[in-house]
Amino acid sequence: MSWTREDEINWTNNNPFRCHLGIKINWVNDDGGSEIALPVTPELLQAYGMVHGGIYCVLIDTVLGTCVRAHHQRDAGPITVDLNVSFLRPTGQGEIVCRGEIIKAGRKVMVGSADVLDAEGRKLATGRGSFLMRNE
């Protein structure tokens, strides 16, 4: 049995933080790749009318956690131990997506990379994260 989009949706629906932000799952694959989406609302903007950089960080961290669960085909209890984000371009409207993949799958630590994109496919931010498996 593989970890499916429906499994991740159920997991997301039980995650108050994801629900509060309005994060949706677009797709999850068995190789540990996934895409999430977030509609930009006024509450996510900073004083200059652009999406707050912390939202990019949240999306990268969130999509990579999804990738880890997809790779393990279950909830391995990933804990973020390192997150690096580079901000490339601002946005202030529409829907943004974040696509991630696992780039190194160790037994106890996994590393993934992700990109945040606007509706036109322009890269807004890129990042990498390391995750420790609690349930291994």
Side-chain angles (χ1 to χ4, degrees):
M1 180 174 150
S2 64
W3 186 264
T4 65
R5 179 178 179 272
E6 289 71 30
D7 293 322
E8 192 62 26
I9 288 170
N10 290 335
W11 193 91
T12 293
N13 289 340
N14 290 320
N15 183 313
F17 185 64
R18 283 184 175 203
C19 289
H20 175 73
L21 288 177
I23 293 172
K24 303 292 182 207
I25 308 301
N26 285 348
W27 53 264
V28 177
N29 68 33
D30 291 347
D31 296 332
S34 66
E35 180 181 277
I36 61 176
L38 178 67
V40 175
T41 62
E43 296 81 15
L44 303 180
L45 304 178
Q46 39 86 310
Y48 301 115
M50 296 176 282
V51 172
H52 190 283
I55 296 300
Y56 294 161
C57 298
V58 165
L59 289 174
I60 291 170
D61 187 44
T62 299
V63 81
L64 293 178
T66 299
C67 292
V68 169
R69 284 186 293 283
H71 179 84
H72 278 274
Q73 299 298 304
R74 63 184 174 79
D75 185 8
I79 299 294
T80 308
V81 295
D82 178 65
L83 188 67
N84 177 283
V85 177
S86 296
F87 305 102
L88 306 174
R89 152 183 307 205
T91 192
Q93 58 187 350
E95 181 178 81
I96 52 180
V97 298
C98 188
R99 293 183 190 136
E101 66 179 346
I102 299 301
I103 58 175
K104 171 68 172 139
R107 226 184 76 227
K108 293 293 273 182
V109 176
M110 297 186 80
V111 179
S113 67
D115 295 320
V116 179
L117 308 162
D118 67 12
E120 287 78 40
R122 294 177 295 202
K123 198 179 291 189
L124 306 173
T126 189
R128 185 177 67 214
S130 302
F131 298 81
L132 176 66
M133 302 307 107
R134 288 184 308 139
N135 301 331
E136 284 300 296

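The basis for the numbers below is simple: all heavy atoms, side chains too, and nothing from hydrogens, waters or symmetry mates. Since we're looking at a predicted model, the values are computed, not measured.
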Any side-chain heavy-atom pair of I25 and I36 under 4.5 Å: yes
Rounded distance [0.5 Å steps], CD in E35 versus NZ in K24: 14.5 Å
Among K123, R122, R128, salt bridge (Lys or Arg N to Asp or Glu O under 4.0 Å) partner for D115: K123
Nearest heavy atoms of F131 and V81, plus distance in Å: N-CG2, 4.1 Å
Closest non-hydrogen atom pair, R99 against L117: NH1-CD1, 3.1 Å
T80 and D61: side chain donor to acceptor below 3.5 Å: yes
Closest non-hydrogen atom pair between G33 and W27, with its separation: C-CZ3, 3.6 Å
For the student: nearest non-hydrogen atoms of L64 and G100, plus distance: CD2-CA, 4.3 Å
Contact summary for R134 and G77, nearest pair of heavy atoms: NE-O, 3.0 Å
Minimum side-chain heavy-atom gap C57-F87 below 4.5 Å: yes
Between CG on residue L88 and OH on residue Y56, distance to nearest 0.5 Å: 9.0 Å
Within one Ile-Leu-Val-Met-Phe-Trp-Tyr cluster: V97 and V40, side-chain cutoff 4.5 Å: no
CG on L132 to CG on D82, rounded to 0.5 Å: 12.5 Å
Distance (rounded to the nearest 0.5 Å) between Q73 CD and H71 NE2: 9.0 Å
Beyond-backbone contact of M133 with P78, side-chain heavy atoms, under 4.5 angstrom: yes
Between CD1 on residue I55 and CD1 on residue I60, distance to nearest 0.5 Å: 12.0 Å
pair L44-L21: side-chain heavy atoms closer than 4.5 Å: yes
4.5 Å side-chain heavy-atom contact, C98 and I96: no
D31 side chain reached by E101 side chain, heavy atoms, under 4.5 Å: no
Shared hydrophobic cluster for F17 and L59 (ILVMFWY, side-chain gaps under 4.5 Å): yes
Between CE on residue M110 and NZ on residue K104, distance to nearest 0.5 Å: 9.5 Å
Heavy-atom closest contact (L83 atom, G129 atom, distance): CD1-CA, 4.2 Å
Joint cluster assignment, I23 & L45, ILVMFWY side-chain distance < 4.5 Å: yes
